[in-house]
J.: 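Please read through the structure below; I'll follow up with questions.
Proteins get letters first, then strands, A, B, ... in listed order; numbering begins at 1 in each.
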Protein chains: 2
Amino acid sequence: MSQRNTGVTVDVRDEVAGSGSDDGLDGCPVREVLERVGGKWSIQIIIATSNGPIRFTELERSIEGISRRMLTLTLRSLERDGLLIRTVYPTVPPKVEYMVTDTARELYASFLTLMDWARRHRSTIAAARKAYDCAARVELANR
Amino acid sequence: MSQRNTGVTVDVRDEVAGSGSDDGLDGCPVREVLERVGGKWSIQIIIATSNGPIRFTELERSIEGISRRMLTLTLRSLERDGLLIRTVYPTVPPKVEYMVTDTARELYASFLTLMDWARRHRSTIAAARKAYDCAARVELANR
DNA sequence: CGGCATCCCCCAGGATACTG
DNA sequence: CAGTATCCTGGGGGATGCCG
């Protein structure tokens with residue numbers, strides 16, 4: 001199972017296709033990645049915790065738009081996968097801190113590459129989109 | 001264990017929080033990335049097209065589990081963003097080929113980093129998950 | 001062959017309210 | 001403060017059928 005990869009060019013076709021296997025596609029890295037960072041809040045939480053231990057309410061405030069419910073759920077999920085460590089201080093009122101693990105830190109680092117991609121191509125994509133929509137509109141008018 | 005950590009601090013907080021701005025969070029790279037690769041099929045399609053021009057039906061066959069509908073929809077979306085180029089050969093029966101653009105190629109390269117992360121930590125995560133679930137079960141029994 | 005159109009279902013995720 | 005619990009909705013995505 002834990003075979004080391006060799007280079008950058010991996011022919012992922014086989015892994016994507018999933019071959020004859022039937023079950024949960026556990027061996028497909030694409031799915032694995034998507035299941036972890038695919039949600040709406042996972043990476044945002046990882047990012048927010050990357051600056052050091054942070055409390056529940058602080059997280060809630062720093063991640064704009066997140067609901068209490070999703071914060072809790074996503075935190076649990078991340079903790080379960082060993083990406084976050086939850087520390088409870090039995091004081092009153094209660095105090096709970098979350099901090100990232102090294103695994104999560106690496107994930108974040110990798111994700112930065114993607115964010116950089118987004119930043120670099122933002123304008124290109126916006127342009128392509130406008131062109132596409134424009135062409136579609138023209139085409140529609142000509143029918 | 002509650003001491004402030006000093007490590008890899010990149011302060012993305014502002015971008016995540018969105019600061020004083022109000023609108024559609026267009027400036028947030030996290031969202032941008034997620035909107036592009038967050039879906040179930042986008043990267044898989046990009047991967048499948050990375051080996052050279054490929055036809056619709058070939059794609060359908062090589063990406064296991066995808067429906068005709070989602071294939072079409074995702075292809076359109078990718079084309080719209082300038083990640084794929086669609087070429088129609090007006091033959092009969094029709095022939096359509098899809099090929100990746102450089103932008104998509106770069107995206108793929110970045111995504112490889114994430115897949116590599118998944119591969120490297122697969123076992124660690126699986127272990128963490130088992131431990132967590134086990135602890136939860138014990139805790140539940142003790143109540 | 002390479003698609004749209006239509007119907008339908010499921011669940012990620014929001015809103016709100018209650019508690020140790 | 002840091003959560004649960006419950007209810008409810010939107011839209012991502014599957015299945016199926018028709019068509020140039």
Side-chain angles (χ1 to χ4, degrees), chain A residues 18 22 24-25 30-31 34-45 48-49 53-81 84-99 132 136 139-140 142-143, chain B residues 2 24-25 30-31 34-45 48-49 53-80 84-99 132 136 139-140 142-143:
Chain A
D22 44 309
L25 295 152
V30 177
R31 287 274 159 70
L34 257 31
E35 274 164 27
R36 200 123 339 280
V37 303
K40 196 172 177 181
W41 304 112
S42 301
I43 343 90
Q44 298 213 47
I45 289 182
T49 45
I54 184 172
R55 301 181 59 171
F56 187 88
T57 316
E58 291 178 309
L59 273 171
E60 193 177 8
R61 271 194 301 261
S62 71
I63 302 178
E64 214 199 34
I66 196 170
S67 65
R68 214 179 211 69
R69 173 187 144 84
M70 285 317 293
L71 180 55
T72 306
L73 252 44
T74 313
L75 283 173
R76 290 290 171 275
S77 165
L78 292 171
E79 187 196 358
R80 184 172 111 104
D81 288 355
L84 249 46
I85 294 178
R86 178 170 176 267
T87 314
V88 182
Y89 299 91
T91 61
V92 43
K95 177 181 175 181
V96 180
E97 275 186 351
Y98 293 91
M99 53 185 300
Y132 185 93
E139 198 171 317
L140 198 69
N142 286 3
R143 302 202 75 223
Chain B
S2 58
L25 296 152
V30 177
R31 286 274 159 71
L34 257 31
E35 274 164 27
R36 200 121 342 276
V37 302
K40 196 173 177 181
W41 305 111
S42 299
I43 344 91
Q44 299 213 46
I45 289 182
T49 44
I54 184 172
R55 301 180 60 171
F56 187 87
T57 316
E58 290 178 309
L59 274 172
E60 193 177 8
R61 271 193 301 262
S62 71
I63 302 178
E64 214 199 35
I66 195 170
S67 65
R68 214 181 210 68
R69 173 188 145 84
M70 285 317 293
L71 179 55
T72 307
L73 252 46
T74 314
L75 282 172
R76 288 292 169 276
S77 166
L78 292 172
E79 187 196 357
R80 184 173 112 103
L84 248 46
I85 294 178
R86 179 170 175 267
T87 314
V88 183
Y89 299 91
T91 61
V92 42
K95 176 181 176 182
V96 179
E97 274 187 354
Y98 292 91
M99 53 185 299
Y132 185 92
E139 198 171 315
L140 198 69
N142 286 3
R143 303 201 77 223

J.: Under 4.0 Å, heavy atoms only, any strand: does B:Y89 hit a base, just the sugar-phosphate, or nothing?
T.: nothing
J.: Mind listing the closest non-hydrogen atom pair of B:E97 and B:Y89 along with its distance?
T.: OE1-OH, 3.3 Å
J.: Among C:dC1, C:dG3, D:dG3, find the nucleotide with the atom closest to the side chain of B:R86.
T.: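 Minimum distance to the B:R86 side chain belongs to C:dG3.
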J.: B:T57 side chain N/O closer than 4.0 Å to the phosphate oxygens (OP1, OP2) of C:dC1?
T.: no
J.: What is the distance from CZ of A:R61 to C1' of D:dC1, rounded to the nearest Å?
T.: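 Answer to the nearest Å: 11 Å.
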J.: Have a look at A:L78 and tell me which of A:I85, A:I45, A:L73 forms a side chain to side chain contact (heavy atoms under 4.5 Å, CB included) with it.
T.: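 Testing each of A:I85, A:I45, A:L73 against A:L78, the sole residue satisfying side chain to side chain contact (heavy atoms under 4.5 Å, CB included) is A:I45.
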J.: Would you mind reading off the distance between A:I54 atom CD1 and D:dC1 atom C1', rounded to a whole angstrom?
T.: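 My rounded result for the distance is 14 Å.
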J.: In whole Å, what is the span from the CG atom of A:L34 to the C1' atom of D:dG13?
T.: 14 Å
J.: Whole angstroms only, please: what is the CZ-P distance between A:F56 and D:dA2?
T.: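 After rounding, the gap between these two atoms is 8 Å.
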J.: What is the distance, rounded to the nearest whole Å, between atom CZ of A:R36 and atom P of C:dA12?
T.: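 That distance rounds to 14 Å.
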J.: Measure the spacing between NZ of B:K40 and CD of A:E35 and express it to the nearest 0.5 Å.
T.: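 If I round to the nearest 0.5 Å, the distance is 9.5 Å.
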J.: State, with a plain yes or no, whether a side-chain heavy atom of B:E58 is found less than 4.5 Å away from one of B:Y98.
T.: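 No, side chains not in contact.
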J.: Let me know the distance between CD1 of A:I45 and P of D:dG3, rounded to the nearest Å.
T.: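 After rounding, the gap between these two atoms is 11 Å.
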J.: Indicate yes or no: at least one non-hydrogen side-chain atom of B:R86 is less than 4.5 angstrom from one of B:V96.
T.: yes
J.: In whole angstrom, what separates A:E97's CD from D:dA2's P?
T.: 9 Å
J.: Could you check how far CD of B:E60 sits from P of D:dA15, rounded to whole Å?
T.: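 Atom CD in B:E60 sits about 12 Å away from atom P in D:dA15.
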J.: Is any side-chain heavy atom of B:Y132 less than 4.5 Å from a side-chain heavy atom of A:D81?
T.: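 No; the side chains remain at least 4.5 Å from each other.
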J.: Does the protein touch nucleotides 13-20 of chain C at the base, only the backbone, or not at all? Give it as B, S and - per nucleotide, heavy atoms under 4.0 Å.
T.: BBB----B
J.: Starting at CD1 of A:I63, measure out to OG1 of A:T74 and round the result to the nearest 0.5 Å.
T.: 8.5 Å
